[in-house]
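Predicted model only: the values in this text are computed from it and were never measured. Side chains are part of it too, since the values below use all heavy atoms of this structure and drop only hydrogens, waters and symmetry mates.
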Amino acid sequence: KQIRIFFVVNCTKIIVTLLAVFVRKVRTFMESRKMKQVSIETFAVSGSSIRTNNKAEASSSGKIPDLWREFYTSHPNPDKKVYGVYSNYESDATEEFTVTVGTRGDAEMNSGVSIESGTYLAFPANGSMPAAIINAWKTVWEHFSLRQPYARAYETDFEEYNGPESATIFIGIKTSS
């Protein structure tokens with residue numbers, strides 16, 4: 001009798017785990033259906049930058065929150081769209097990259113970055129920030145964990161903030177090889 005109970009309990013745990021994975025994959029699929037492919041022309045973003053990596057950002061030594069805090073301290077009510085730009089990737093999302101926070105500006109400025117022209121996937125992020133943008137990034141990572149006919153380009157990716165509860169993440173893509 002104990003063996004049957006043990007078996008039923010373990011089977012239930014396995015079924016619940018599989019169901020959770022299935023639900024997450026369905027949610028990712030549904031969220032990714034909201035994304036769209038767009039063509040972006042080169043433009044510049046002027047602002048402050050830091051160099052970091054995702055491992056550091058997942059720990060208490062993350063630099064990105066302080067970069068955003070610094071931006072909004074010096075720009076309490078920006079009158080232009082705000083951008084968070086990810087560039088100068090060492091190789092991919094596991095290595096070092098540069099984050100720039102700012103607004104559209106002059107490409108000749110010392111404190112800025114150029115958004116590369118090309119094809120991007122646009123992932124919407126709507127709701128209370130920063131939770132909405134964090135959830136959209138989770139959708140991006142899950143989307144690219146699945147087999148796709150394209151791959152991330154790792155040139156420039158960016159977040160475009162359209163209002164206090166509306167943003168879009170643009171991920172540069174290239175044809176998979």
Side-chain angles (χ1 to χ4, degrees), residues 24-54 57 63-64 67-68 71-72 75 77-177:
R24 188 180 63 205
K25 293 292 183 185
V26 167
R27 185 177 300 133
T28 300
F29 174 76
M30 296 306 288
E31 285 298 316
S32 68
R33 307 257 316 150
K34 295 178 187 175
M35 61 104 194
K36 60 184 174 183
Q37 192 169 315
V38 296
S39 182
I40 301 287
E41 295 300 320
T42 300
F43 67 93
V45 172
S46 299
S48 298
S49 299
I50 52 103
R51 191 99 176 125
T52 190
N53 61 62
N54 281 322
E57 294 307 317
K63 301 174 188 176
I64 295 174
L67 182 64
W68 280 103
F71 175 80
Y72 279 111
H75 301 83
N77 296 304
D79 57 353
K80 299 179 184 178
K81 285 186 180 180
V82 176
Y83 295 87
V85 182
Y86 301 79
S87 62
N88 300 317
Y89 288 95
E90 197 170 292
S91 63
D92 59 23
T94 63
E95 301 295 331
E96 295 280 317
F97 52 89
T98 300
V99 180
T100 303
V101 173
T103 57
R104 279 192 187 230
D106 184 357
E108 300 302 316
M109 297 185 74
N110 293 334
S111 61
V113 63
S114 288
I115 303 297
E116 300 293 327
S117 65
T119 304
Y120 288 76
L121 290 182
F123 293 82
N126 296 305
S128 180
M129 300 294 171
I133 203 76
I134 291 168
N135 288 333
W137 272 109
K138 288 177 184 175
T139 300
V140 168
W141 294 323
E142 288 177 4
H143 178 78
F144 283 97
S145 73
L146 304 173
R147 186 169 170 84
Q148 303 294 346
Y150 43 76
R152 287 186 65 180
Y154 291 106
E155 291 177 359
T156 51
D157 302 315
F158 62 98
E159 304 162 354
E160 179 182 69
Y161 291 85
N162 306 306
E165 293 191 349
S166 176
T168 305
I169 298 174
F170 293 87
I171 302 295
I173 59 171
K174 62 184 179 181
T175 304
S176 289
S177 43

Please round to the nearest 0.5 Å and tell me the distance separating atom [atom1] of [X] and atom [atom2] of [Y].
X	Y	atom1	atom2	result
S117	E155	OG	CD	9.0 Å
E96	S91	CD	OG	10.0 Å
E95	T52	CD	OG1	12.0 Å
T139	F144	OG1	CZ	11.5 Å
T42	I115	OG1	CD1	9.0 Å
T168	K36	OG1	NZ	7.5 Å

- Item | Pairing residues for W137 by the side chain to side chain donor-acceptor pair (under 3.5 Å) criterion, not counting sequence neighbours |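 Here the qualifying residues are E159.
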Considering only distance and modelled atom types, tabulate donor-acceptor pairs under 3.5 Å from the side chains of residues 119-130, sequence neighbours left out.
unit_1: Y120; atom_1: OH; unit_2: E116; atom_2: O; d: 2.6
unit_1: Y120; atom_1: OH; unit_2: T156; atom_2: OG1; d: 2.8
unit_1: N126; atom_1: OD1; unit_2: S166; atom_2: OG; d: 3.4

Identify the two heavy atoms, one from [X] and one from [Y], that lie closest to each other, and give their separation to 0.1 Å.
X	Y	value
A167	Y161	CB-CD2, 3.6 Å
A136	I169	CB-CD1, 3.6 Å
V113	S87	CG2-OG, 3.6 Å
V99	L67	O-CD2, 3.6 Å
K81	T103	O-CG2, 3.5 Å

- Is there a side chain to side chain contact (heavy atoms under 4.5 Å, CB included) between H143 and V140 once you walk through the steps? CA-CA 5 Å; H143 178 78; V140 168; 5.7 Å; no
N/O donor-acceptor pair under 3.5 Å between [X] side chain and [Y] backbone:
X	Y	value
D157	G172	yes
R51	N88	yes
E57	K63	yes

- ring pair (Phe, Tyr, Trp, His ring centres under 6.0 Å), paired with F170, selected from Y83, Y86, F158: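 Going through Y83, Y86, F158 one by one, the ring pair (Phe, Tyr, Trp, His ring centres under 6.0 Å) with F170 is satisfied by F158 alone.
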- Message: Less than 4.5 Å apart, side chain to side chain, heavy atoms only: is that true for V101 and Y72?
- Response: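 V101 does not reach Y72 side chain to side chain.
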- Task: Could you tell me whether the side chain of E90 reaches within less than 4.5 Å of the side chain of N53, counting heavy atoms only?
- Result: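 They are not in contact (no side-chain heavy atoms under 4.5 Å apart), so the answer is no.
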- Query: How are the rings of F71 and H75 set to each other: parallel, tilted or perpendicular (split at 30° and 60°)?
  - Reply: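 Because their plane-to-plane angle is under 30°, the rings of F71 and H75 count as parallel.
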